[in-house]
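Written below as structure tokens is the structure these notes are about.
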Amino acid sequence: MTQPILEARNLRVRYPSGTLTDRLLGRGPRHVTVLPDVSLSVEAGQTLGLIGESGSGKTTLGRAAIGLAPISGGSIRVGDATATSEDAPEWAGIRRRTSMMFQDAVASLDPRMTLGTSVTEPLAIAGGFDGNRRDKAAELLGLVGLSPDFADRYPHQISGGQARRVTVARALALEPDLVIADEPTAGLDLSVQGELLNLLGELQNRLGVSFLFITHNLSVARHVTNRIAIMYLGRIVEEAPTRTIFSAPEHPYTRALIGAREATGGGGLIEGDVPSLTRRPEGCEFRTRCPLATDLCAAKAPALREIAPGHTASCHYAGQPAGVSHS
Amino acid sequence: MSAPVLALDNVSIRYPSAPAAAVRNVSFEVGTGETLGIVGESGSGKSTLAAAMMGLLPRGSCVTGSLRFEGRDLFGQMTERDLRQLRGRDIATIAQDPFTALNPVMKIGRQLDIFQHWYHDRPRAERKARILEMLEQVRLSDPDVRMQQYPHQLSGGILQRVSIAAALLAEPKLLIADEPTTALDATTEAQILGIMAEAKETLRGATVFITHDMSVVERLCDRIAVLYAGELVETGTVAEVLGNPQHPYTKALLECDPARIEEPTSELPTIGGTVPALDDRPAGCIFEPRCPSAVARCRAEAPLRHDLGPRRSAACHLVTP
Amino acid sequence: MTDQTAAAPRAVKAERHATLRRLLGTPTGAVASLVVAAFVIAALAAPLVAPYDPNAIDPINRMQGPSAAHWLGTDQLGRDLLSRIVFGTRTALYIALTGTGAALGVGMAMGMIAGLGGKILDSALVLLNDSIKSLPLVLFALALVTIYGASVPALIVIIAISMAPGYFRVVRNQVLVLNNADFIVAAQSMGASRLRLAATHMLPNLIGPILVLIAMDIPAVIGIESGLSFLGQGIQPPQSSWGNMLSEGYTYVRQAPHIAIAAGLPIVLSTIAFTFLGETLRDALDPRRAVRT
């Protein structure tokens, strides 16, 4: 197997917290650690789904992968460039072969820029493009099924679905190896969502792009990803091929997420709220909401370990055949 | 069914200075104890209908047909004062965004007390007891503590439960829930839907659930009304419509839902084309430009409502009663 | 940049036409533009526009009311008021534009540095600007004039110092908001440099609020100039300035009220015109407010 296109190794991201005076006086925590220790990889030409609820750190992980989060430990490797901090010089090269799609497509386009200028901006930034920028804009818009006259429009003049397509065109402008797509179907109608997902799949087949597909929507992830990583409180709690995640989930949180998708009544529901990042529970961080939690879970944090080849989970009771399975 | 709580008959709504009506010829009824799910995508007119049901359309909007609440026409026979009395006492709402729905500078307990202002003759202690009871019913932990907190101290899921409690406190005859779980996470959404399902037992009135999500309707509603581009294309019980959809749009919408596709696929079904613009409506059937089974007649002539049974209909030429 | 070929200029040109259409399309925008244009023409072509020499004394026709020969009448020395207003426009606009321009340059540079440069720099610049703002403007101006003498450059320096914090605050706040805007983060994710972020993405999005501020500041600057001249600490006679005229008219307000009224007229008119121009410009410059054609 060739080496993965993206590899995060023991990545730690923390943001400074509190006001300046609080920090000077030593009051409260100085940092909020969003990602304590994350390792993950995306294979070339594949799609990894990063699933979690809001506050799980999935967006932060996506941003860290392109150098837009304060990395305080570990490393990010894209291709053969490895960066270990937010202001590492390697990011310039990484950003040239990686692009990002944002949750709010309209907001990610400069309101004062025509769409033609926006889609070709990566070329202007990278430099070295000496063709006609207008023709290139038309070509890129054509790639995502938009007519060339969109080049003269402004973001407020198009629909949410069209703005999505424009951001796809922009993401592909430099023919990247990796696209980080943060909730690429957020706010889209069902009838349009399918079109966008099909478009991404088709472009992947044609151009061989890899995707880090960040979403909270398991139903979508089931169709478009090869592997799925489940995040909770900034940690990956389970990772496996997509089929396995649905057919044989090992972590109780994964089971709860799948249950929430199908539940009609009380079955499979988890109670309570996600704990605060500044007050992480001792031991297993999911135990406060876990239906299977025992004394062991309070005493000792489970490590992320391999349950089966290519399938990891961080639960003391993962991989046990029967007896402790949930309802 | 006894007399409906809410009855719409041929309602069309046109916003001031809009080129055409946002909602056209919509008719349906909701009875006591019933939950109706109104399903539609963007541009379907579902938000307009919600605003109309609360009597909150912008000044100068043109409404034709009749929209009756307990037999009284909201737009013909009621003054602004009547409408205000109606909202909050007889008609309660649960908004999409719980963060903006609650007053940020007022404690939860005080806000919930204000929701009972129609019952101000009740003693204070009784009002407080009711609040606690409702907060327990929405399975809020430490209701005493919560009542002393401000909205920004609570998460979206908890706030939405507070909103549900507020709606229950009003004992409304009609509850309108406008996409109440759209802003929430998957596990929180599941919690809220569970609580809503329980709350239905307490609510003796009618409930209207506005959503774009068929699975929400499936979980909570008795009846469904499918809207497309401002028109009602199909209605019936949830079992009938989801089990045996008759209108091509309903069929296509159900096929598009990735949650309903059994086997993982890389080629998801879609509905080609887009919703027609307000000033560019087709002459015939509203769905004809995107309809996979359209025939010549669909282009020429708008279909009427075909009754398929008691309170079950679809607006399509290809449906035979 | 070699890749900025045909596409960009054409789009920009088209957008400029659209902006102009939107500006002149509203009645207030059209009238305000017309009045401002009239002031600008009067200032540029003062010798051609003014019917008389503004300093020509005519002792016989002193304090005459409006007539066919002197449209606005004459002052206590028999000078033609209209001509003095026209030449006063030159003074007023010169000081307004250079003063505001200097304030804009200084304020904007500081605002950008504060917004993009990190916390310590930001705190220092905020402190500096708040200190300047806390100075009582008139006393500060009088003190400077007392030290350095009343002159046009001194006036411009006073205006630049007192107005810069306004631009600083608007630019800094806007930059701080934009720092977290998705489209800025998107540009960062493409590898855009700080300079590019500032020039390509921030600046165009700052123009709206800045233009409004400029348009609101110009009348304020005119007011400062008139005020200082009125107090005898601004433009020195016989150079004509609206403030001088107002001051002189004030002396004779009982005998010849038309002098003060004539001097007040351009101050009021320019204030209203610039304010409305600012308002409509802001709307016209924002493509989001444009009606799709």
Between B:Arg290, B:Glu267, B:His212, the one whose heavy-atom pairs under 4.5 Å with chain A are most numerous: B:Glu267
Check: B:Glu262 main-chain N/O paired with A:Arg222 side-chain donor or acceptor under 3.5 Å: yes
Contact summary for B:Ala259 and A:Ser219, nearest pair of heavy atoms: CB-OG, 3.4 Å
Minimum-distance pair of heavy atoms, taken over all atoms of A:Leu257 and B:Thr187: CD2-CG2, 3.7 Å
B:Glu255 versus chain A, the contacting section by heavy-atom distance below 4.5 Å: neither
CG-CG distance between B:Leu268 and A:Leu199, expressed to the nearest 0.5 angstrom: 12.0 Å
Chain A contact via B:Thr188 - which portion, at a heavy-atom distance below 4.5 Å: both
Side chain to side chain contact (heavy atoms under 4.5 Å, CB included) partner of B:Pro258, the single match among A:Asn217, A:Leu218, A:Val220: A:Val220
Under 4.5 Å from a heavy atom of chain A, the part of B:Thr265 involved: both
Side-chain (A:Glu195) to main-chain (B:Thr270) donor-acceptor, under 3.5 angstrom: no
Gap between atom CG of B:Leu254 and atom CG of A:Leu190 - 0.5 Å precision: 9.5 Å
Nearest-0.5 Å distance that lies between atom SG in B:Cys256 and atom CG in A:Asp189: 10.0 Å
Gap between atom CD of B:Glu41 and atom CD of A:Gln193 - 0.5 Å precision: 10.0 Å
Nearest atoms (heavy-atom pairs only) where A:His223 meets B:Glu263: CE1-O, 3.8 Å
